Every structure is written in C-alpha cells, then in structure tokens.
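These numbers come from the heavy atoms of this one structure, side chains and all, not from hydrogens, waters or symmetry mates. Remember, predicted model here, so these are calculated numbers, not experimental data. Sequence lines set the chain letters: A, B, ... in the order given, protein chains first and strands last, and positions in each chain run from 1.
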Amino acid sequence: MTINFTRRDFLKVGGAAAGALALGHFIPPRVAEAARLSGILDATDSGYIPSMCEMCVWRCGLLAKVEQGRVVKLEGNPDHPHSRGNLCPRGQSGLMNTYDPDRVLNPLIRVGKRGEGLFRKASWEEALDLVAQNMLDIKQKYGAEAMVFSSTHNLSQPLFENLLYAFGSPNYGTQRSLCFNAMIVSNLMTYGMEEPARIYDDNLSYILLTGRNLFEAISTSETHDLSAAIDRGAKVVYLDPRFTKTAAKASEWLPIKPGMDLAFHLALLNVIVNERLYNIPFVSLNTIGFDKLQVELQPYTPAWAAPLTGIAAETITRIAREFAAAAPHALAHNGWRTSNFINSFHTQRAISILNALVGNWGVTLTGGGSEESSTLGAPPQPPYPRISAMRLDGVPWKYPVVPLKIGVFQELRDNIVKGDPYQAHGWFIARQNPAMSISDRARTLEAFGKMDFIVTMDIILNDTSWFSDVVLPEASYLERYDPLVPIGDQVFIRQPVIEPQGEAKSALWIYRQLGQRLGLGDFFQYIDEEDYLRQELAPLGVSLEEVKAKGYAQLSETPHASETSEPSWSTPSGKIELYSDTLAKVGFPGVPTWEEPPQPAEGQFYLLTGKVAQQTQFGTQNNLLLHKYSDEPRLWMNANKAASLGLADGDWVEVTSDIGKVNIRLLATQAIREDCVYLTPGYGHLSKGLTTAFGIGASDSALHVTYTDPISGGQALSQTFVTVKKA
Amino acid sequence: MTEIKHKAFLFDATRCIDCRACMVACSVENKIDMDKTRIWVAGVGVKGVFPELQRASMVYHCMHCNEPDCLSACPVGAYSKRPDGPVIYDPKKCIGCRYCMNACPFGVPHFDWDKGLVEGAFIDKCTMCPQRIDIGLEPACVATCPTDALMFGERDDLLKYAHDRLTAQPARYINHVYGENENGGTSYFILSHVPFEELGLPPLTSTPVKEVSEKVMEVTIPFALGWGAVLTGVAAGVHVYNQKKEADAKKVETSEPQTEEKK
Ligand code: SF4
Ligand code: SF4
Ligand code: SF4
C-alpha cells in the first residue's frame, strides 16, 4: 500500500524529473510583446490575456493570468460560450503543454535511420529549404498527387488546405474517418448539415445518449449542460457496454451489446411509427420518405431487438413511448459512437431520424454553428489549380457519399502501402499523429516506409515525428496567433500569451514560408499573423486591438435565415430525408436497415476503447500535470469473467488480436460486460522523445484491425476481437 | 453555538464526475510540486455487481474547521483561523513536529521533508486560496469545476442552500449535511447519495477531537493515517509508475515490425 512509502522514495521522484516538477521552477518566459503593446497588461506586465484552449477541439475561451511577464494560470473565460468560466482538467493543465520539458524548440533534420530518433538541430532556412526541395522534386518526378497532406481539425487548417490545394494534391487525410464519419455523413444525408446544434434549455426533459460519455469525453459547456439538466430532473438514458462516469449519473444505464445500437434504434423507430407516436404534422410538412421508412421498419420489433441488444423488449418499448411523450423536449444525441461497426452509418441515420420523427427541430436541435463565416474577410488569392488525379482514399470512387474535406484516412494509408491506384512518395503531416491514430499501427509504419520524404509539424516529438525526416517545431497554443473563430454572432481570438520559446513558429508563419519556397506565395498574401487577422477583421470594422483586449468581436445582428423563415434543409429535396435518394442512387439503402455485425468467437472479447477525462486522444499523455492526475492505463475486464479465467486484478496480461499483441495490467471490475474488454486509448507511445509518456500503457492501434463502414468510410473500431491470457 | 459569518465550500457528490479539473487547477494556482497535492479525489469507485452498480467520488481537502485541531495542537502557533474562514499555516513558524498531522481528524496536513530542509516549510495543506478570495475570486478548485459539484460562498447561504436541496430532493440524498456540525463545525459541507463513510469521511461528533478522550482518538487516527496515505498517493502513484516502467520495460513491447527504410 501507499502507506509504506518512505521519504526516500519521494526523494527519488524528486530527482527523476528535476527542474521540471514544479511549475514554479520554470525559467521565466517572455510575455508576449503583442500583449504588452496592446495595453492588455499593466505596468508590471501583469493581468489577464483572453485566448482560446487547444487541449481538445472544443476550444474553450480562456483567460491567461500573467504575472510580471510570466503566465502562471489559466482560467475559463466567463464570456466564452464554450467555457463559461470553466476549464476541464486538460484545459487547466495547458501550461504544462507549453512548458513540456520535451518540447521541440528547433527544426530537426533526421541523421539516423528512420525510427532511431536521431536528429540534428537545423535553422529554419535549412529545414524549410529542404522540405520545399523534396516536395518539388516529388512533384516533378511523380506529379503533385504523390505528395500526401494530412492534418487534424485545427484553426490553421484553411491555410493548410491552401498549401495542399495550391500545390495540386488531392490527397488530404483528416482524422474524421477515425472518429465520427458515420455521424457526419448521416446528418448530411438526413438534414443536409454535418452536425445540428443541440439545445439544452430548461424544458429539456429526456436525453438519450448512445455512448456519448459526456462526463469523461468532456466538452466543457455541454458537460455542464448535461449535468445541469440531470440536476433539474431531466431523464437520461445512456447506452454503453461500460459503466462509465456518465452511466453512473444517468437515470437509466443500458449495457448494450457492442454493435447492436442499430437494432435498439430501429426498434425505437418501429414502436414510434407503428404506435403513431411521431409528430404527424411535422413529419408530413418537413420530411420525405416516411412510407418507405415505415415499410422497412416492420420486422424491427422490440421483441426482435431484445436478444440482439440484451435489452428487454418492454424496456425498448417503454423508452420509445417515453421519448415520444417527452418530445419536443427530448433529444437523441448522435454522439460519436458507443462502438463503431460497419453498420454505424445506419445507427447514426436511425438516431437522426428519431429526432426528426418526434419533431424536436427548433426545440432541442437546430442548425449547426458553422465555423466558416461569410462575414470574415480573407487575404486575396488566385483560384486553385485543377486537380485531375484520383484520390488515394477512395473518395468518391469507392466512397461516393463521403465529403472530400472529410475523407477516409485509413483507406489512404492502405493505398499508400499498396501503391494503388498509384504510389505516393511524400507525406506532409501537420499536428497529427497517424502512427497512433490509425488502426493497425504496423501497417502505418509500413506506409511510412514507402515514403521518400516525411515532414511533421508539432510542438513535441510525437510518434510520427519520430519516423520523420524533418520536424518543424510549432509554437504552442499559448505562444501563437491562429485564424479567428466565429461562434454564433461573435468572433473569438487565439493570441500569444507568451513569446514562442526557442525557435518555435506559428503555423501561419510556417505555411507562408513554405508557400513562398514552393512558388505559391500568392496563396499566402499576408505579412505576418497580425496582418492575417486584420484582413479577416476588415469587413467587420473592428480593430485587432479591440479583439485582443476583449477576446472577441461582436458581429452585427444578422438574423439567420432559419430563425426568420420556415425551416429548410440543404438536402436535395429541401426536406429532412427519412429516405435518401442520394444514397439509393449509388446503391446504398435509402432508409436505415439492419446489418448484422460480426461477433467474437468463443474465448474472444470485443475490444473497446473510449476517452478518459484527463487525456485527449494521443496528444496529451506527455503532459506532466495530466500524468500526475491520470489513472494508470489498464485493460478492463469483468471481474467475474477474470476470475473464471484465473486472472486477478493487477495481473500483467497479454492481449492478442489478429494483427498484434500487447502487454498491459488488468483492471478486474464489475463495470463492463463479460463479453468486452476496454483499453485506455492513446498510450503505448513509440517515441522516446516523449519521456513522460514513453513506456506507459499499451497502444490500441497496435491491436485494432482496419475495417471500414462502406457508406460513411468510418473506421469500425470496435470490430476487433481479442483474446487475453496471463503475460 | 455562535453564529458564524464567513466563507465556506459546498461539495455535492451527486454532481461530481471525478474529472480532476479541480486538482489540476489547485496544483497550478498554488505551484504545487509534481509529486505532491493539496486536493485529491477519493471515493469508493464502482460498487455493486453488474449491472446493478453505483459509483461515487469525493473531492477532499482541508475542511477549514471552525475549531481547528491542527491549530490547537500546534505548539508554536503556526496555524491561525482567519475571521473570513480559511485555516492558514505560517511556514516560518513551523518546527516540523507533526503534531498537527496527528491532531487533524481528516488527515489533511502533510509533511514535506525536502521542502522543510530547503525552505523551512515542513507542512503543506489547502489554504482556501486567500490570494484569490481576497480579490473576490473563487478558490481555484471551485472556479473551474465544470459541473458545479464544488461551490463557494457565504457559509450561511451555502448551508441554507444545502438544506433546501435535502428538503426538495429527499430521494436523491442522504439526509445530512456533513461538515455542518462534525468536529465542531467546518467550512466544507458535503452532500452525498452514498453513506459518508463510503466517501472516506470519519463519523465525528460535534465535539472537536481535541476535547474528546484518547479512546476516540484511536478511532480517528486510522482515518488520519488512511487519508495521509491517499494524500501522498498521487506521489506514490507517480513513483510506482516510474518504477513499474523500468521493471516491466521488457513486458511492455508489441509485436510490431520496425519500419523499413526505403532505398
Ligand atoms: S473541453 Fe477542456 S481541453 Fe477542450 S477546449 Fe475546453 S478546457 Fe480545453
Ligand atoms: S481539516 Fe484538519 S487541517 Fe483542516 S482545519 Fe480541520 S483540523 Fe485543521
Ligand atoms: S472539478 Fe468538479 S466534477 Fe471535476 S472532480 Fe473536481 S469537483 Fe468533481
């Protein structure tokens, strides 16, 4: 027990990370010159600078407390709709992301073999020249399409897209197919928008969460909204094979069998349609295809779904009735997934349709807040060159309904390995870690092996940088400007709180420098970051100084079309499409339909993953503060099941899938179904440049087999089955 | 009992999601070393048998007692109770005798030998963030809580709010505001859906421990020791982790091929 630890042991801890242990011990960084000049700080360089979190993609507004030129604390910005004064544990630990002792602060050029982690420091001149030269060589020898570009959801993405489209490559990898393609494509097919916004008003009385673990996968304001709704007495029904922290707070937890969410939702629709519980005027006015849906739903009775899902027929019927009775103050949350299977698209369609049938539009769901604002300006730029090469990721030739901007990343990786339909030779990776994120890590490393040249941009030596030829050190989110973000009728800013440490530079700077070296300077017509933001603000008549001081600019009241007129949807029919002709035309079922997912054989388990509140994907395990307050990553197994296999809590076990094997300690718990195991994701790093994270936990991507939902292109993450034995 | 007009915390275990934002916030605000903490989430974890399960967590730090045992026990007067609530500690006066650690029924003050040698500050504990409350801010832990599980305010107001909740939602809570009278009354109130002992809170009477017999001390000291262990558990956790990394380095390997160099 911990009680036996002596003072000596703690001394060792003290020595282990000397100098980096206490935030108070850091070398004082320089306060951002820009903040000083714009008068946000007082004469002693103290005060609060408004900016924006980047520890996940929710982007909470923050206030960085600066004392005598040093940033000492981050607070949630009460004026920001995503934080409302709060930050989650990751947001609170953001300082440690900037002050990570493992930060890469100079451009690096590889000197050893790939994967050896031997680099030398280089100047920006040399590194950028080398990158540009390699990109141009590849373009000349094999065509622009031989350069692959990939980047994960971030604010400088418009400039990243400028780089790739201006360069002329169609090959764009985003992380979305690894996460929520099914949700986005289903909403596009149903509502003509990626993700309707959810409204948690005081009347919201019924919330159906299909694996949306909002109390561990935190989005600060929405997490608060859910907590407040529960506090008011709203009913929350939560589906998840695990008893998560959200399950613990839900009114009703349904430990559904993985892959069977579709059966559950089809049965809900069956009850609502057959008992005529739907909102008849809303459906007849605003939707098309009800008849076809009704016919398809007939076999999907609660009695049919019960043995599949493990949820009693009466329970399904009751929930359907309760949900319809609570409507329109009822919300079925799309979530990202409870589990991802090749049938996930239909699951998501069924959820989208459930909301439509009960007519909660305009009450608990509404038009999504787009991140693209027509009101913001942008530097002038020429049109992109015409790109005629096929995409390597099968969009649209294999995945006809997946949007180009979203893509199918795992397919891109597979086709790099196959060299089909052509061979890619170079990979530009910005703030992304495909070595950890795509299923089947060995195969991703194989794809790296096919490359003549790999360049990665990040703030630390992530696992992909570890295998790169050049690493470009980006300034952290507390050290740089990014393009502005519109939310509703406000535009928010991310601005430097301290000057970049070392030689780190903003993405805006890096892309412009590269663009110029590639002869694409016309696509980057701004002098520096501030100039870019001024050009964005120009049409608003708001000064950059004002935005910097307040943290946001108020847009003039321009009533949204949806608020003033009848609701309309940007689907081909202009209505909510219960039946989608778009889907039918390309050979997919036009209404959601049952597809039986594969199930584990005797002795195998479903391998589940899912977020913990203290970490974001694969990017934060090296943050010392989060490391300090995180639980050790383990493999959860039902305690009864473990006992029957002769396994005890804390045992080292070997987990084996069709493609890989990892060792990890067991957590024997009642909080999971007997047919599942759960692995804390994001651990098992390959980069020894991550001195805190390296050697901890095991990688789920080393186990995950690549299966793809044929409609949405989403990775069927939970379709991997494993065996577990004592290590 | 005399009327008390000062600040207090309210913690609602039914709302806490064990996210630990409060802990990170405290560590940053108060520049706590990476192997220490002044605040920790404790609790029963998951209880019950699948699928009839329950889970609770409890955010624990100094209770800021009205009649602090730490203060009474300290031979050199290093502790004081500010009129507005916080029980604070003056490191310059501390001689490192650890009487406060033994006296506190909640096991809050913890000992830091390294710091003692270097800075003369042997003891550390939650301070209620005077640097923040003096300028009208909430303590760091409270300010960031995304679910309002932690609240801060005037003691009287919070107490009334807590009792109102018990009256309004009797099925939701155990009918008791822990900390209202325990140990002579504290400035940290706790509402819970599971028995308070399960949250790791000692059953205490309204008499401060210092006034009761040795017999009761025997009951409470194990609690103190238990909490001391949890308190240092974070440090121990970090340590075990690092040790484990070395010991099991050979076990933590995957069966992956190395990437091939392209010729
Ligand atoms: S949810 Fe947390 S990590 Fe994400 S932006 Fe908000 S504070 Fe940052
Ligand atoms: S909880 Fe312990 S340390 Fe805090 S005031 Fe009470 S006796 Fe003192
Ligand atoms: S921040 Fe709030 S919800 Fe999170 S652990 Fe602390 S008290 Fe609980």
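- Residues passing the ring pair (Phe, Tyr, Trp, His ring centres under 6.0 Å) test with A:H224: none are found, sequence neighbours excluded.
- For a residue to count as touching a neighbouring chain, one of its non-hydrogen atoms must lie under 4.5 Å from one of that chain's; by this rule B:V49 touches chain A with backbone and side chain alike.
- With a 4.5 angstrom heavy-atom cutoff, A:A247 does not touch chain B via any of its atoms.
- Contact between B:T144 and A:Q92 at its shortest, heavy atoms only, is OG1-NE2, 2.7 Å.
- Within the 4.5 angstrom heavy-atom criterion, atoms from both the backbone and the side chain of A:L87 approach chain B.
- A distance of 4.5 Å separates SG of B:C19 from CD1 of A:I218, quoted to the nearest 0.5 Å.
- No other option in A:A613, A:S227, A:A671 has as many heavy-atom pairs under 4.5 Å with chain B as A:S227.
- Residues A:D231 and B:R15 come closest through the heavy atom pair OD2-NH1, 3.3 Å.
- Considering all non-hydrogen atoms of both residues, B:A140 and A:K73 come closest at CB-CE, 4.2 Å.
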Could you walk me through whether A:L74 and B:V28 pass the side chain to side chain contact (heavy atoms under 4.5 Å, CB included) check?
CA-CA 9 Å; A:L74 304 176; B:V28 179; over 6 Å; no
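- Contact of B:C22 with chain A is not made at all, since no heavy-atom distance falls under 4.5 Å.
- The part of A:I672 that comes within reach of chain B is its backbone (N, CA, C, O), which places non-hydrogen atoms under 4.5 angstrom from that chain.
- Proximity to chain B (any heavy atom under 4.5 Å) is shown, for A:R673, by both the backbone and the side chain.
- Proximity to chain B (any heavy atom under 4.5 Å) is restricted, for A:E75, to the side chain, taken from C-beta onward.
- Heavy atoms of A:N638 lying under 4.5 Å from chain B belong exclusively to its side chain.
- Of all heavy-atom pairs spanning A:K628 and B:M34, the tightest one is CD-O, 3.2 Å.
- Between B:F50 and A:W636, the ring centre distance reaches or exceeds 6.0 Å.
- Going from atom CZ of A:F243 over to atom CD of B:E52 covers 9.5 Å, rounded to the nearest 0.5 Å.
- Contact detail for B:R55 and A:T244: the closest heavy-atom pair is NH1-C, 4.1 Å.
- No more than 12 heavy atoms of other residues, nucleotides or ligands lie within 6.0 Å of NZ in B:K47, so this atom counts as exposed by the packing criterion.
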In sequence, state the C-alpha distance, the side-chain angles, and the governing distance for B:R20 and A:D631, and then conclude on salt bridge (charged side-chain N to carboxylate O under 4.0 Å, His left out).
CA-CA 11 Å; B:R20 308 173 198 175; A:D631 293 328; 3.0 Å; yes
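- For chain A, the option among B:V46, B:I17, B:D18, B:T147 with the highest count of heavy-atom pairs below 4.5 Å is B:I17.
- Using a 4.5 Å cut-off between heavy atoms, B:C16 contacts chain A through its backbone alone, with no side-chain atom that close.
- If you measure heavy-atom distances from A:K249 to chain B, the contacts under 4.5 Å come from the side chain alone.
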Assess whether side chain to side chain contact (heavy atoms under 4.5 Å, CB included) is satisfied between A:V72 and B:K31, documenting all intermediate values.
CA-CA 9 Å; A:V72 293; B:K31 301 182 170 59; 4.1 Å; yes
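- Closest approach of A:Y629 and B:S27 over heavy atoms only: OH-OG, 2.7 Å.
- By the ring pair (Phe, Tyr, Trp, His ring centres under 6.0 Å) test, A:H685 pairs with no residue at all, sequence neighbours left out.
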